[in-house]
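The structure under discussion appears below in the form of structure tokens.
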Amino acid sequence: MSMQTGTAVAADLDAEGVFAAEKRLPPGHYVAFLVPKTYDEAAPEAPTGRSRATKSKDSAGASVVPRKYWDEGTSPWRVDVVAGLNDIQLQADR
């Protein structure tokens, strides 16, 4: 998500933690963060079309991944997107 424009894209992680976004983002600076699968798919007001309002500490990943990665304000993942294909590697410490 761009903290300046609110432009965002969402992608599901597979079992190995790999993701591929189908929507292209314009070049710029972004913050990456996790959103548990406890969202409301029908919430159109969220930038990604998904609401984080139902985020729960009890989701499966929340017990494995540190809390800082679950919020755009505290995630240390900063990503520069350039024109063309981007191979973005994100590392989480436990």
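Scanning both residues, Glu72 and Val31, for their nearest heavy atoms gives O-CG2, 3.7 Å. Among all heavy-atom pairs drawn from Pro26 and Val81, the shortest one is O-CG1, 4.0 Å.
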Please list, one pair per line, the donor and acceptor atoms closer than 3.5 Å that link side chains of residues 13-22 to other protein atoms, with sequence neighbours excluded.
{"unit_1": "Asp14", "atom_1": "OD1", "unit_2": "Glu16", "atom_2": "N", "d": "2.8"}
{"unit_1": "Asp14", "atom_1": "OD1", "unit_2": "Gly17", "atom_2": "N", "d": "3.0"}
{"unit_1": "Asp14", "atom_1": "OD1", "unit_2": "Val18", "atom_2": "N", "d": "2.9"}

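Atoms OH and CD, on Tyr69 and Gln91 in that order, are 8.0 Å from each other to the nearest 0.5 Å. For the atom pair Tyr30 OH and Met1 CE, the distance stands at 11.0 Å (nearest 0.5 Å).
Every pair passing side-chain hydrogen bond (donor to acceptor under 3.5 Å, both in side chains) that includes a residue from residues 73-82 is listed here, sequence neighbours excluded: His29-Asp80.
Asn86 is not listed as a side-chain neighbour of Val79, based on a closest heavy-atom distance of 4.5 Å or more. Between Val35 and Trp70, every side-chain heavy-atom pair lies at or beyond the 4.5 Å cut-off.
Taking the side-chain hydrogen bond (donor to acceptor under 3.5 Å, both in side chains) definition, one finds that Gln89 meets it with Asp87, sequence neighbours left out. Every residue two or more places apart in sequence or in another chain that forms a side chain to side chain contact (heavy atoms under 4.5 Å, CB included) with Pro27 is listed here: Ala83.
Between the Lys23 side chain and the Ala10 main chain, no donor and acceptor come within less than 3.5 Å of each other.
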